[in-house]
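The next block holds one structure in the form of structure tokens; read it before the comments.
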Amino acid sequence: MNTIRHTGIVTNNLKKSLWFWREQLKFKIKKTANERGDTIDSVLGYKNVKVRTIKLADNRENLIEILYFLNPPKVKKNKVFPYSNGITHLSITVKKLNNLYKKLKKNKVKFNSKPKISEDKKVLMTYCRTPEGCFLELVEELGLN
């Protein structure tokens, strides 16, 4: 059987990312590391990598990994939209989405819309941008019909 191990998110503002994932969404730090050396250089495809990694877990131990590169190579900014090809978003289940939406909005988190009830009436949902520029889908389950 294959399982998803974690989702990696690269940030250029570690403080803001940790504020978002820990303070706003209540993920907890599980492991931190400063990585460098031949293995990480080879895997990531550039020389002299220096990266700080922080694995954070939700209350079910699902992991995200924040990567903060101390010496990233220059890259052209890639704009991603919810309808782009490839991986476009991460989705998490939350409780009291309307309250979370108001809290995040107050803290200047950008949303595509207010929370909306899905067509099948099973979830309340919305998309926001994480500090790293990723789309995050926030979903509150409304119960089984």
Side-chain angles (χ1 to χ4, degrees), residues 1-101 103-105 107-113 115-120 122-144:
M1 174 180 189
N2 292 325
T3 60
I4 294 174
R5 185 174 176 88
H6 66 260
T7 301
I9 303 172
V10 176
T11 186
N12 63 5
N13 188 330
L14 188 55
K15 184 177 178 181
K16 192 171 183 180
S17 292
L18 290 175
W19 166 84
F20 182 78
W21 292 102
R22 290 179 68 205
E23 304 303 320
Q24 303 303 301
L25 298 176
K26 305 304 182 201
F27 279 67
K28 300 208 180 328
I29 292 177
K30 295 307 250 182
K31 181 182 178 185
T32 63
N34 291 312
E35 300 184 41
R36 59 174 42 158
D38 292 339
T39 301
I40 197 77
D41 287 1
S42 179
V43 169
L44 295 182
Y46 80 94
K47 295 273 185 215
N48 302 314
V49 172
K50 293 176 188 162
V51 62
R52 180 163 175 80
T53 59
I54 301 170
K55 287 198 172 74
L56 300 121
D58 66 10
N59 61 1
R60 291 190 177 183
E61 296 300 313
N62 295 302
L63 297 174
I64 61 166
E65 179 182 47
I66 302 296
L67 298 99
Y68 178 69
F69 288 89
L70 303 173
N71 62 340
K74 300 284 186 228
V75 293
K76 191 174 170 186
K77 189 163 183 165
N78 183 18
K79 246 186 159 168
V80 175
F81 299 94
Y83 44 84
S84 298
N85 285 339
I87 297 171
T88 60
H89 72 279
L90 173 65
S91 179
I92 62 173
T93 303
V94 301
K95 294 183 179 179
K96 300 180 181 177
L97 177 54
N98 284 317
N99 292 346
L100 179 60
Y101 169 80
K103 176 181 164 184
L104 293 173
K105 240 351 218 181
N107 285 306
K108 311 252 186 281
V109 172
K110 296 193 182 336
F111 284 83
N112 286 356
S113 71
K116 304 283 185 181
I117 296 176
S118 63
E119 295 296 323
D120 64 8
K122 292 184 179 181
V123 298
L124 184 65
M125 58 185 281
T126 190
Y127 269 41
C128 69
R129 284 277 190 175
T130 70
E132 306 81 22
C134 301
F135 283 104
L136 178 63
E137 180 181 23
L138 302 171
V139 179
E140 177 184 342
E141 296 174 345
L142 298 175
L144 301 173

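- Proximity of a side-chain donor or acceptor of Ser84 to a complementary backbone N or O of Phe81 within less than 3.5 Å is detected.
- When all heavy atoms of Glu140 and Asn98 are compared, the closest pair comes out as OE1-N, 4.4 Å.
- With respect to Arg5 and Glu65, no salt bridge is recorded, no charged nitrogen being found less than 4.0 Å from a carboxylate O.
- For His89, the side chain to side chain donor-acceptor pair (under 3.5 Å) partners at least two apart in sequence or on another chain are Tyr127, Glu137.
- Remark: side-chain polar atoms of Thr126 are paired, donor with acceptor, to backbone N or O of Ser113 under 3.5 angstrom.
- Contact between Arg129 and Val109 at its shortest, heavy atoms only, is O-CG1, 3.6 Å.
- Scanning for ring-ring contact (aromatic ring centres under 6.0 Å, His included) contacts around Tyr101 gives Phe111, with sequence neighbours left out.
- Taking Asn59 as the reference, nothing meets the side chain to side chain donor-acceptor pair (under 3.5 Å) condition, with sequence neighbours excluded.
- Nearest approach of Glu35 to Thr53, heavy atoms of both residues: OE2-OG1, 2.9 Å.
- The distance from the CG atom of Leu18 to the CD1 atom of Ile54 is 4.5 Å, given to the nearest 0.5 Å.
- Contact between Ile9 and Trp21 at its shortest, heavy atoms only, is CD1-CZ2, 3.6 Å.
- Among all heavy-atom pairs drawn from Phe135 and Thr88, the shortest one is CB-O, 3.5 Å.
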